[in-house]
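This report concerns only the one structure given below.
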Amino acid sequence: SSNIFKPHGKKFSRQVLNLPANGKILVFSADNISSERKGMNLLIDALSLLNFPDLTLVSIGRKKIKIKPKIPYIHLGTLKDDYTISLLYSAADLSVVPSKEDNSPNTIIESFACGCPVVAFNVGGISELVHSEKLGLLVDNFEKTNLANSIKNALKIKYCPDFISSFIKSKFSYKVISKNYLDMFKSFKNDEK
C-alpha cells in the first residue's frame, strides 16, 4: 500500500476532499473518536488554548466529537478507502495523536507515508517513530498546555514532506520488513545447529 500512501499535492488533496484551500489543517483520526484513551477531550482542551488564525480541525472515525472545538471543525466520518485517507494526510499540515496508550499506531505510519508530520504523546513505541524534530514533536506528559504548545510549535516548523515520507518507507517498506524476518529466521536456524 506504499503506492497509495504517499504525498499528494496539498492543493489538489484539499480540493478533492472539499477542505479549506487556505490556512492550516489539523487531522485527528480514531476508530472511535469518543474513546477516552484516544485523548479527544485533551485535544479539545488544548485547542481552546491556541490562538492560531485559520486553523481547522478535521477528524475521521466513528462518531463525531460531542464538544464543539473553538476552531472550525469538519468531520469526514469513517473513511473506508486508503486513497481518501492518503489525500487527507496530504491535505493536512499536522496529524495529532493524543492517545494515552498506543504502540506505534498505524495513524503515525500513514501520516508519515503521506509526508504529514505528527504531534503525539511520548507513550509506547511512539518515540521510536517520532524520533526527530524533522518528523514532528513528542509531548512528555498528558497535559493540555503541553499539547497546545507542541501543536503551536509544530505548526510553525517548515517540514519537508518528501523527507518524512522517505523516512517511514525506509523503515517500514515490505523489502525491509521481509529482510528483517529473513535475518531472524537465519539466526534461529544458526541457533539450532
Side-chain angles (χ1 to χ4, degrees), residues 1-14 16-17 19 24-31 33 35 37-40 43 56-61 76 78-140 146-147 150-185:
S1 72
S2 63
N3 301 336
I4 294 173
F5 284 102
K6 63 183 180 188
H8 303 279
K10 195 179 286 278
K11 196 177 168 187
F12 165 76
S13 302
R14 289 185 178 197
V16 173
L17 297 176
L19 294 174
K24 302 276 188 187
I25 289 179
L26 209 57
V27 169
F28 171 75
S29 158
D31 287 338
I33 279 181
S35 160
R37 54 187 194 92
K38 290 298 176 188
M40 186 67 239
L43 175 58
T56 302
L57 175 65
V58 179
S59 65
I60 55 171
L76 296 178
T78 307
L79 298 184
K80 290 276 187 270
D81 70 300
D82 289 347
Y83 182 66
T84 312
I85 296 170
S86 77
L87 285 176
L88 175 59
Y89 287 124
S90 298
D93 295 280
L94 191 63
S95 175
V96 184
V97 183
S99 309
K100 296 177 180 178
E101 44 184 88
D102 247 325
N103 202 4
S104 63
N106 280 346
T107 304
I108 295 179
I109 295 166
E110 290 171 358
S111 291
F112 281 172
C114 302
C116 181
V118 169
V119 163
F121 285 116
N122 193 356
V123 292
I126 289 178
S127 60
E128 288 167 37
L129 289 171
V130 190
H131 65 79
S132 154
E133 291 204 348
K134 288 181 176 175
L135 302 167
L137 299 175
L138 283 175
V139 188
D140 277 326
N146 288 11
L147 182 57
S150 297
I151 291 170
K152 186 175 74 182
N153 294 336
L155 287 170
K156 289 178 182 170
I157 296 171
K158 187 144 181 50
Y159 290 100
C160 172
D162 289 336
F163 171 84
I164 295 172
S165 176
S166 58
F167 155 73
I168 205 71
K169 296 223 164 102
S170 68
K171 195 172 166 73
F172 282 97
S173 76
Y174 294 117
K175 280 183 185 154
V176 170
I177 291 171
S178 55
K179 185 188 179 309
N180 289 349
Y181 276 122
L182 271 173
D183 292 346
M184 194 171 70
F185 286 130

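Note that the coordinates shown come from a computational prediction; the quantities given were computed from them, not determined experimentally.
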What distance do [X] atom [atom1] and [Y] atom [atom2] have between them, rounded to the nearest 0.5 Å?
{"X": "Asp82", "Y": "Tyr89", "atom1": "CG", "atom2": "OH", "answer": "10.5 Å"}
{"X": "Leu147", "Y": "Phe121", "atom1": "CG", "atom2": "CZ", "answer": "4.5 Å"}
{"X": "Ile25", "Y": "Leu94", "atom1": "CD1", "atom2": "CG", "answer": "11.5 Å"}
{"X": "Thr84", "Y": "Ile60", "atom1": "OG1", "atom2": "CD1", "answer": "9.5 Å"}
{"X": "Phe112", "Y": "Leu135", "atom1": "CZ", "atom2": "CG", "answer": "4.5 Å"}

For Lys10, which residues count as a salt bridge (charged side-chain N to carboxylate O under 4.0 Å, His left out) partner, sequence neighbours excluded?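 With sequence neighbours excluded, Lys10 shows a salt bridge (charged side-chain N to carboxylate O under 4.0 Å, His left out) to Asp93, given in chain and number order.
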N/O donor-acceptor pairs under 3.5 Å from side chains in residues 150-165, not counting sequence neighbours:
residue, atom, partner, partner atom, Å
Ser150, OG, Asn146, O, 3.0
Asn153, ND2, Asn149, O, 3.2
Ser165, OG, Ala113, O, 2.9
Ser165, OG, Lys169, NZ, 3.4

Test side-chain contact (heavy atoms from CB on, under 4.5 Å) applied to Lys171 and Leu129, step by step: CA-CA 9 Å; Lys171 195 172 166 73; Leu129 289 171; 4.0 Å; yes
Heavy atoms, side chains only, cut-off 4.5 Å: are Leu19 and Val58 in contact?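 Leu19 reaches Val58 side chain to side chain.
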So do Leu17 and Leu88 actually touch side chain to side chain, heavy atoms under 4.5 Å?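 The answer is yes, as the side chains (C-beta and beyond) meet within the 4.5 Å cut-off.
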Sequence neighbours excluded, which residues qualify as side-chain contact (heavy atoms from CB on, under 4.5 Å) partners of Tyr83?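 side-chain contact (heavy atoms from CB on, under 4.5 Å) list for Tyr83, sorted by chain: Ile4, His8, Phe12, Asp81, Ser86, Leu87.
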Not counting sequence neighbours, which residues clear side-chain contact (heavy atoms from CB on, under 4.5 Å) with Ala120? List them please.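 Ala120 satisfies side-chain contact (heavy atoms from CB on, under 4.5 Å) with Val97, Ile108, Val118, Ile126 once adjacent residues are dropped.
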Kindly determine whether Lys80 and Thr78 satisfy side-chain contact (heavy atoms from CB on, under 4.5 Å), including the steps that lead there. CA-CA 6 Å; Lys80 290 276 187 270; Thr78 307; 3.6 Å; yes
Could I get the full list of side chain to side chain donor-acceptor pair (under 3.5 Å) partners for Ser95, not counting sequence neighbours?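 By the side chain to side chain donor-acceptor pair (under 3.5 Å) rule, Ser95 matches Ser111.
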Under 3.5 Å donor-acceptor, Arg14 side chain and Ala91 backbone: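 Yes; at least one donor-acceptor contact below 3.5 Å.
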Which pairs pass side chain to side chain donor-acceptor pair (under 3.5 Å) with one or both residues in residues 119-139, sequence neighbours excluded?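 As it turns out, the side chain to side chain donor-acceptor pair (under 3.5 Å) pairs with a partner in residues 119-139, which skip direct neighbours, are Asn122-Asp140.
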